[in-house]
Novice: 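Dumping the structure here so I can ask a few things about it.
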Amino acid sequence: MSGDTNDAPVLVAGAGPVGMTAALALHARGIEAEILEAEPEDRDRSGSRAIYVHGSTLRTLEKIHPGLGADLVEEGLVWPTRRTLYRGKEVFSRTYDSPGGSGDIPHFTSVPQVVTEQYMHGALQDIGVDIHWEAEVETVETSTDGVHVVTADGREWDAEYLVGSDGGGSTVRKEIGANFEGDQSENAFIIADVEDEEIEDGHPGLERMFHYDAPEADGRNVLLVPFTGGWRLDIQCIEGDDPEELSNDEQMREFVRDVMGEEYVDKLKWVSSYYFLQVMADTFVDEHRRVMLAGEAAHLLAPFGARGMNSGIADADEAASAIAVALSARTNAVARDEVELYAARREKAAEYNLNAAGQALEYLQGDDPVTVLRKEAAAEMADYFETAGEWLDDAPYGPHGAPPIVSTGNY
Ligand SMILES: Cc1cc2nc3c(=O)[nH]c(=O)nc-3n(C[C@H](O)[C@H](O)[C@H](O)COP(=O)(O)OP(=O)(O)OC[C@H]3O[C@@H](n4cnc5c(N)ncnc54)[C@H](O)[C@@H]3O)c2cc1C
């Protein structure tokens with residue numbers, strides 16, 4: 001069932017990293033898809049978003065479009081050292097002599113999301129998948145036979161399946177009647193990208209540094225992470241802070257000078273302040289099992305532990321897998337089953353990821369006496385027991401584990 005406007009049996013709403021992955025993953029399974037994107041082709045996708053791409057995500061991208069994972073590895077960097085300070089004193093440092101992972105794919109790579117998206121877009125062009133720009137999905141109607149979409153420009157589109165990957169404000173999610181409620185972080189976070197052209201893989205002194213109650217930031221927590229071409233500076237606001245005021249140009253220059261050094265003061269690229277949401281849709285599929293939500297349309301996670309884009313890419317690959325089986329199923333019941341299996345797996349994974357990111361957020365914001373005491377005790381013991389320092393180093397990112405039911409990837 002393809003409409004007058006489109007030829008492909010599958011539509012994808014949104015050309016973010018998740019929607020682009022969905023189209024690539026469908027193509028890899030022999031199914032053509034067309035992407036409907038609200039914004040124009042010359043849109044500006046700049047801003048501080050994902051940099052940490054897990055090895056399992058790189059392997060998924062390599063599987064669905066050979067060369068794509070390898071390109072991101074080539075573009076990204078692996079920092080060999082992780083280091084943590086507590087009120088100015090080093091409590092943990094470890095340097096690895098290999099990037100880990102398996103084969104040519106390291107344990108992770110650090111690359112700006114804008115670059116990841118450029119490579120995904122290039123991959124779509126290679127295989128001839130269309131992105132329909134300025135095609136904002138406005139209404140979605142589903143039936144047992146398929147999906148009917150109307151875009152804001154009045155065009156009508158029909159397809160067998162629709163992947164709803166239109167981000168946190170998803171229209172597709174609203175149209176299928178899914179609820180989307182959850183919590184917001186208590187504290188704001190100020191996130192800045194600071195340019196440094198010399199930063200690339202193999203540059204000496206590359207480290208991810210977390211500083212608890214950093215004196216240079218008037219007692220706020222500070223995270224500093226390198227990526228190709230710069231540094232991500234993350235400052236956690238404390239009670240009484242006004243994030244708007246703290247993220248103004250003058251104040252940010254002061255933070256950068258104090259935390260990173262005078263030479264970085266004029267290198268601020270983007271600054272944003274965020275309250276992070278922790279939310280998931282109460283269903284990832286519509287009543288007729290023709291629409292699958294993926295990525296931020298389905299779940300919004302605080303970024304500690306880097307589960308947002310990584311888990312969205314896993315959603316997209318699984319949605320493509322379910323659609324491939326459903327399209328070749330001999331009965332409607334089997335096709336429905338596949339879509340329901342998608343929902344079961346990815347809702348479970350999202351619950352797990354939400355909980356994991358929530359644990360990290362709770363730990364970071366935690367000012368209850370027990371958490372404070374545990375941190376202080378660990379910092380005291382770190383000189384004598386490496387495990388105490390390692391706990392301080394690990395805790396801001398939540399647990400390491402993967403969700404219980406996943407067939408691809410880690411998240
Ligand atoms: C500061 C920060 C740091 C982060 N760090 C990490 C990290 O290190 N690792 C990680 O995995 N994740 C990280 N994330 C999360 C990551 O950025 C998101 O999870 C990711 O962008 C979600 O991708 P998406 O494709 O689902 O949504 P989006 O990127 O929001 O893309 C949605 C697309 O849909 C389009 N659209 C919207 N409405 C419509 C409509 N009605 N019709 C058609 N198109 C529409 C939009 O224009 C957009 O192109 C971070 C986020 C932030 C804010």
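As the structure is a prediction and not an experimental result, all values here were calculated from the model. Just follow the structure's listing: the first ligand is 1, and inside any ligand the first atom is 1.
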Novice: Kindly state each residue pair satisfying salt bridge (Lys or Arg N to Asp or Glu O under 4.0 Å) with at least one member in residues 98-120, sequence neighbours excluded.
Specialist: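 Every pair satisfying salt bridge (Lys or Arg N to Asp or Glu O under 4.0 Å) with a residue in residues 98-120: R45-E117, R49-E117.
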Novice: Tell me every residue that passes salt bridge (charged side-chain N to carboxylate O under 4.0 Å, His left out) with E262, counting only those two or more places apart in sequence or in another chain.
Specialist: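 With sequence neighbours excluded, E262 shows a salt bridge (charged side-chain N to carboxylate O under 4.0 Å, His left out) to R257, given in chain and number order.
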Novice: Are the aromatic rings of Y397 and Y52 close, with centres under 6.0 Å apart?
Specialist: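 Between Y52 and Y397, which both carry aromatic rings, the centre distance is not below 6.0 Å.
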Novice: Go through the structure and list residues passing ring-ring contact (aromatic ring centres under 6.0 Å, His included) with Y274, not counting sequence neighbours.
Specialist: F276
Novice: Give one line per pair: atom of ligand 1, protein atom, distance. Only N/O to N/O under 3.5 Å.
Specialist:
residue  : atom   : partner : partner atom : Å
ligand 1 : 8 (O)  : I51     : N            : 3.2
ligand 1 : 8 (O)  : Y52     : N            : 3.1
ligand 1 : 9 (N)  : Y52     : O            : 3.3
ligand 1 : 11 (O) : A306    : O            : 3.4
ligand 1 : 11 (O) : M309    : N            : 2.8
ligand 1 : 11 (O) : N310    : N            : 2.9
ligand 1 : 11 (O) : N310    : ND2          : 3.0
ligand 1 : 12 (N) : M309    : N            : 3.0
ligand 1 : 17 (O) : Q113    : OE1          : 2.7
ligand 1 : 19 (O) : E296    : OE2          : 3.0
ligand 1 : 19 (O) : M309    : N            : 3.1
ligand 1 : 21 (O) : Q113    : NE2          : 2.8
ligand 1 : 25 (O) : P17     : N            : 3.4
ligand 1 : 25 (O) : V18     : N            : 3.1
ligand 1 : 26 (O) : E296    : N            : 2.9
ligand 1 : 29 (O) : R45     : NH2          : 3.0
ligand 1 : 41 (N) : V137    : O            : 3.1
ligand 1 : 41 (N) : T171    : OG1          : 3.3
ligand 1 : 42 (N) : V137    : N            : 2.9
ligand 1 : 44 (N) : A38     : N            : 3.1
ligand 1 : 47 (O) : E37     : OE2          : 2.6
ligand 1 : 49 (O) : E37     : OE1          : 2.7
ligand 1 : 49 (O) : E37     : OE2          : 3.3
ligand 1 : 49 (O) : R43     : NH1          : 2.7

Novice: Between R173 and A297 (side chain of the first, backbone of the second, donor and acceptor by atom type, cut-off under 3.5 Å), is there such a pair?
Specialist: yes
Novice: Cation-pi check, K174 to F180: give yes when NZ or CZ is under 6.0 Å from the six-membered ring centre and within 45° of the ring axis, no otherwise.
Specialist: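 Output no; distance or angle outside limits.
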